[in-house]
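This one's a predicted model, so the numbers in the text were calculated from it and none came from an experiment.
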Amino acid sequence: MSVPRFWREQQNRYNLIGTHCTTCNTYYYPPRILCPKCRREGKVVEHQFKGTGTVVTYSIIRSASDQFNDLTPYVIAIIELDEGTRLTSQVICEIDEMYIGMPVKRVFRRLGEDGESGPIFYGTKFVPA
Amino acid sequence: MVGIITYGAYIPKYRIKTEEIARVWGGDGPAIARGLGVYEKSLPDMDEDTITIAVEAARAALARRSIDPQDIGAIYVGSESHPYAVKPSAVTVGEAIMATPIMTAADYEFACKAGTAAIQTTMGLTKSNMIKYGLAIGADIAQGEPGDALEYTAAAGGVAFVIGNDSPIADINLTASYSSDTPDFWRREGLPFPRHGGRFTGEPGYFKHILAGSHLMFEKAGTKASDYDYAIFHQPNAKFAQNVAKTLGFTPEQIKPGLCVPYLGNTYSGASIIGLAATLDIAKPGDRIFVTSYGSGAGSDSFDITVTDMIESEEFCRDAAPTVEQLLATKKIVDYAVYAKHKGKIVVMR
């Protein structure tokens with residue numbers, strides 16, 4: 001990932017900053033600047049998610065790309081945040097403890113790095129709550 | 001009075017037993033564990049480092065007390081394992097707790113006492129009303145070369161203190177420091193592991209500086225060991241801390257709550273102040289706490305602290321973040337192979 005692109009999305013990744021359409025009460029992560037339901041009538045404001053949610057479904061990754069190979073086996077899950085929107089994230093737990101419906105909470109972790117001399121990318125992952 | 005507004009700690013969940021490290025290197029595990037008074041130590045997950053530990057500790061501190069992160073005017077992160085040689089850990093912490101951008105920030109390094117140096121700096125900035133709150137952090141994923149004596153204790157963990165004048169949960173009555181150029185432990189630029197002077201690290205390093213710093217504090221405060229309810233000393237192992245406490249006249253009961261090293265290891269910049277956090281976890285209003293850190297190279301910072309009524313007020317919720325005891329109890333024991341992978345000691349050429 002390029003440095004400028006990560007930097008632009010830094011607050012979204014660090015602090016789960018998304019958006020909320022106050023017209024139809026829909027939450028978005030990653031943030032949307034336009035509500036697809038309300039279009040021009042929508043009033044979209046910035047929103048920091050609480051960082052708690054539930055696992056909707058998950059997959060155990062045993063064969064990963066080079067950058068994530070050291071982490072295998074690891075869990076990638078679709079998580080429904082308490083506010084209602086869904087996101088994809090790694091859940092850090094023993095793979096045999098994973099289950100659909102698991103309550104989870106955010107933690108701050110390394111997401112990756114651009115080689116040994118490049119920048120380190122930080123952001124949000126989830127652990128069992 | 002200037003003091004601790006709130007605090008939080010973080011310890012990764014992975015542990016390796018001293019006996020397992022000794023098994024790999026042919027040492028007498030039970031004898032080494034007994035000799036050091038260290039039975040297991042923490043290690044980071046594959047995606048944890050000093051910055052992630054510092055952020056988790058800072059968020060734990062902010063969970064315990066409702067303060068506006070924008071009122072934090074300075075962040076200092078003490079560590080000897082900052083992920084970058086050039087690029088401050090403190091700004092990533094600031095961004096992750098939403099304290100940026102109107103703040104000053106820097107990283108500190110003074111072996112195992114960079115965290116207490118950060119506390120002293122934020123005390124000065126808040127006491128002089130330059131800022132409302134300062135965030136002082138000591139965190140490390142400590143390095144120990146495979147097979148070296150340090151490998152038995154070098155651990156991972158961190159603690160964060162918000163310092164300010166506004167109704168602290170503990171007043172910092174006084175601080176005193178003692179420093180000298182003593183080459184007892186060092187790591188050269190670009191090298192992955194530190195070196196130490198063996199037995200030289202004990203008397204001219206640890207004991208000389210902690211005893212001198214502690215006596216300075218006794219003189220300044222007009223106190224003696226029995227005037228304190230609790231005492232915490234830098235804990236590279238249990239024996240050093242127990243011996244220095246005994247020499248100064250403290251009892252085993254006074255140091256017990258803050259002696260975390262037997263089942264945590266030496267978290268370097270976090271070591272003495274994780275002991276302070278563990279003591280604050282059980283402290284009551286009026287309790288008086290004595291703290292002396294030590295950093296190789298060498299120096300010590302001593303603190304005289306009195307717990308206030310605020311620690312039991314509605315404004316401060318100790319239960320909103322895990323105690324050090326709870327963090328120590330949440331653990332997964334791993335073998336040396338997994339430990340080596342987590343610590344990056346296995347180099348894979350791709």
Contact list for [range], test salt bridge (charged side-chain N to carboxylate O under 4.0 Å, His left out), sequence neighbours left out:
range: residues 95-110 of chain B; answer: none
range: residues 12-21 of chain A; answer: A:E9-A:R13
range: residues 48-58 of chain A; answer: A:K50-A:D82

Problem set entry | Donor on one side chain, acceptor on other, A:Y122 and B:D49, under 3.5 Å |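 Indeed, the side chains of A:Y122 and B:D49 share at least one donor-acceptor pair under 3.5 Å.
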For this session: Under 4.5 Å heavy-atom distance to chain A, tell me which part of B:K341 shows up: side chain, backbone, both or neither.
Result: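 The answer is the side chain of B:K341.
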Go through the atoms of [X] and report whether side chain, backbone, both or neither lie under 4.5 Å from a heavy atom of chain B.
X: A:E113; value: neither
X: A:L111; value: neither
X: A:F108; value: both

For this session: Going by the side-chain hydrogen bond (donor to acceptor under 3.5 Å, both in side chains) test, name the single residue among B:Q143, B:K343, B:K345, B:K41 that passes it with B:E151.
Result: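 The side-chain hydrogen bond (donor to acceptor under 3.5 Å, both in side chains) with B:E151 is passed solely by B:K345 among B:Q143, B:K343, B:K345, B:K41.
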Problem set entry | Heavy-atom contacts under 4.5 Å, residues 21-44 of chain A to chain B |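 From residues 21-44 of chain A, none sit under 4.5 Å of chain B.
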For this session: May I ask you to say whether A:R109 pairs ionically with B:D45, meaning some side-chain N is under 4.0 Å from a carboxylate O?
Result: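 Salt bridge: yes.
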For this session: Classify the angle between the aromatic ring planes of B:W25 and B:Y336 as parallel (below 30°), tilted (30 to 60°) or perpendicular (above 60°).
Result: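 Correct class here is perpendicular.
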Exercise. Taking the inter-plane angle between the rings of B:H342 and B:Y14 on a 0 to 90° scale, is it parallel (under 30°), tilted (30 to 60°) or perpendicular (over 60°)?
Worked result: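 It falls in the perpendicular class, over 60°.
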Exercise. What option among A:K125, A:R106, A:Q90, A:Q10 has the most heavy-atom pairs under 4.5 Å with chain B?
Worked result: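 Looking at each option in turn, the highest pair count goes to A:R106.
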